[in-house]
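These values consider heavy atoms only, across backbone and side chains, with no hydrogens, waters or symmetry-generated copies. Chain A is the first sequence line, chain B the second, and so forth, proteins listed ahead of strands; every chain is numbered from 1.
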There are 4 protein chains.
Amino acid sequence: MNFSENQSIYIQITDYVKDQILLSNWLKEEKIPSVRDLASELQVNPNTVMRAYDILQQEGVIYNKRGIGNHVTSDAPAKILEARKEKFLQSELPAFFKNMLLLGLGIGELEVLYTHFLNEHPKK
Amino acid sequence: MNFSENQSIYIQITDYVKDQILLSNWLKEEKIPSVRDLASELQVNPNTVMRAYDILQQEGVIYNKRGIGNHVTSDAPAKILEARKEKFLQSELPAFFKNMLLLGLGIGELEVLYTHFLNEHPKK
Amino acid sequence: MNFSENQSIYIQITDYVKDQILLSNWLKEEKIPSVRDLASELQVNPNTVMRAYDILQQEGVIYNKRGIGNHVTSDAPAKILEARKEKFLQSELPAFFKNMLLLGLGIGELEVLYTHFLNEHPKK
Amino acid sequence: MNFSENQSIYIQITDYVKDQILLSNWLKEEKIPSVRDLASELQVNPNTVMRAYDILQQEGVIYNKRGIGNHVTSDAPAKILEARKEKFLQSELPAFFKNMLLLGLGIGELEVLYTHFLNEHPKK
DNA sequence: GTGGTCTAGACCACC
DNA sequence: GTGGTCTAGACCACA
């Protein structure tokens with residue numbers, strides 16, 4: 001995995017885990033990779049993975065069974081999706097609209113660009 | 001002004017200055033607020049404003065008349081617009097469309113949200 | 001049984017066993033559940049129960065008859081009660097009183113709360 | 001400061017900070033010691049103090065002014081007191097009453113012990 | 001084997 | 001000066 005320079009690694013790891021869950025690669029109530037395993041897979045220090053797991057636990061996305069490992073909570077996918085939606089509507093959308101105004105882009109032009117985008121990124 | 005937690009303050013200040021120029025609040029060849037004045041207005045350390053002005057100078061958005069102050073360059077609005085457009089098309093737009101897909105949002109719903117936004121942010 | 005997050009499970013198991021003895025659910029010289037049985041009943045790893053039994057043996061609360069199983073010692077209730085009393089008076093009581101002061105709780109209010117508690121936890 | 005063996009150091013540091021606030025040694029909106037300063041004062045690694053400060057930030061007890069340092073929030077004392085009260089009523093009180101029952105201690109005897117305690121710990 | 005804690009030390013962005 | 005991130009490595013409790 002290649003990490004972006006703009007964001008701290010542990011945040012990118014939380015996003016990575018959430019993606020795996022949303023993509024159903026890691027299922028509800030199933031064990032996820034141990035701290036050490038994921039660390040060696042992603043080529044980072046175990047402490048960094050630990051920090052990501054800490055955050056995910058606080059967010060209720062994973063939980064720990066002592067001595068056994070971390071597991072996906074049953075409502076993890078819903079929570080993740082909800083949080084992303086919230087963030088999109090609250091912060092990304094207004095910023096996007098503001099940019100449209102500044103750049104003089106109307107909803108009509110946007111639609112053209114969107115159609116373009118869909119053609120280049122067809123559903124699998 | 002309220003600063004976001006996610007970005008460094010000096011970057012937000014450069015954006016603020018650029019916004020003022022794009023909105024024609026600060027005109028070409030006109031003097032902009034001194035480092036000290038803007039610092040006290042925005043409630044930040046003068047060094048922070050200084051750093052923002054440094055960057056704006058490097059980008060050719062403002063220039064310094066010794067002993068007088070900083071001024072907007074004559075091609076500032078064009079430059080800023082160009083850069084914003086570039087960034088918008090290259091990185092923001094694809095990410096935005098990707099999120100629309102993820103959240104199952106169509107161009108129709110987007111139009112409704114946009115109309116809403118326009119009503120809440122009428123042009124002066 | 002629901003285990004607290006704040007304490008290790010094997011400690012909670014020793015407390016559980018001691019409670020059973022104090023409540024006369026498990027009598028002197030009687031056989032107590034085997035490691036496996038208690039483990040499956042409490043939904044924990046047998047090693048964890050084993051560790052708890054080890055400690056209880058060292059404390060002289062239970063003893064092992066080879067090939068037969070663990071039994072409550074004849075002086076177990078007295079020992080447990082003595083230890084609890086000691087701990088209660090030495091550490092819990094002062095901390096409790098200190099908290100009462102901090103929260104401005106008097107002996108009168110405490111009595112009300114205690115009556116409440118008794119109503120919700122009637123003796124069998 | 002002497003740390004207990006039973007609890008992780010960073011938790012004890014959060015309690016230490018809360019105590020300072022409750023005792024009005026550190027006032028609302030005032031700067032608290034920097035990570036490095038407190039670390040050297042308490043003879044621990046800066047990372048350990050950092051972890052404590054992280055938690056306190058999440059709890060809304062302190063907040064960070066970038067490049068300047070951490071400060072006590074204005075509602076910190078109320079929050080801390082509220083949390084301690086909650087914990088006392090929810091977990092300490094029931095455990096305490098349960099012990100009273102097991103040890104055959106009535107409210108009358110408790111009152112005697114409390115009077116005793118008050119005599120030994122007079123208000124300053 | 002699992003996670004959790006702590007240290008030492010480096011480097012960085014920011015003010 | 002401030003906090004924040006990351007690494008390397010040790011040690012421990014727990015299952």
request  = Let me have DNA chain F in dot-bracket notation, would you? Count Watson-Crick plus G-U wobble pairs, both distances under 3.5 Å, and use [ ] for pairs crossing earlier ones and | for inter-strand partners.
outcome  = ||||||||||||||.

remark   = Heavy-atom nearest pair, A/S74 first then A/P77, reads O-CD, 4.0 Å

message = Under a 3.5 Å distance rule, please check whether A/E30 uses its side chain to pair with a backbone N or O of A/V72 as donor and acceptor.
response = no

Please output the side-chain donor-acceptor pairs of residues 56-64 of chain D that fall under 3.5 Å, not counting sequence neighbours, one pair per line with the distance.
residue: D/Q57; atom: NE2; partner: D/N70; partner atom: OD1; Å: 2.9
residue: D/E59; atom: OE1; partner: D/K18; partner atom: NZ; Å: 3.0
residue: D/Y63; atom: OH; partner: D/E29; partner atom: OE1; Å: 2.6
residue: D/N64; atom: OD1; partner: D/R66; partner atom: N; Å: 3.4

query = Where the side chain of D/M50 is defined as all heavy atoms beyond and including C-beta, which of E/dG3, F/dT5, E/dT2 is the nearest nucleotide?
reply = F/dT5

Between N or O atoms, less than 3.5 Å apart, protein on one side and nucleotides 9-11 of chain F on the other: list the pairs.
residue: F/dG9; atom: O6; partner: A/N47; partner atom: ND2; Å: 3.0

remark   = Separation of E/dT5 atom C1' from D/F3 atom CZ, nearest Å, is 13 Å

Among E/dG3, F/dG4, E/dT7, the one nearest A/N64 by side-chain distance = E/dG3

query = Counting side-chain heavy atoms from CB outward, which of E/dG4, E/dT7, F/dG3 is closest to A/D54?
reply = E/dG4

inquiry  = If the cut-off is 4.0 Å, is B/R51 near the phosphate of E/dC14, judged by side-chain N/O to OP1 or OP2?
reply    = yes

Please list every donor-acceptor pair under 3.5 Å in which a side-chain atom of residues 41-51 of chain B meets a protein atom from a residue at least two apart or in another chain.
residue: B/N45; atom: OD1; partner: B/N47; partner atom: N; Å: 2.8
residue: B/T48; atom: OG1; partner: B/N45; partner atom: O; Å: 3.3

Nucleotide nearest B/T48 (side chain, heavy atoms from C-beta), chosen from E/dC15, F/dT7, E/dT7 = E/dC15

inquiry  = What residues from residues 4-19 of chain D pass a heavy-atom cutoff of under 4.0 Å to DNA chain F?
reply    = none

request  = Could you tell me which residues satisfy ring pair (Phe, Tyr, Trp, His ring centres under 6.0 Å) with B/Y10, sequence neighbours excluded, listed by chain and number?
outcome  = none

inquiry  = Any salt bridge linking A/D19 with A/R84? Criterion: basic side-chain nitrogen under 4.0 Å from a carboxylate oxygen.
reply    = yes

ask   = If you look at every heavy atom in D/L27 and D/S24, which pair is closest and at what distance?
value = CD2-O, 3.5 Å

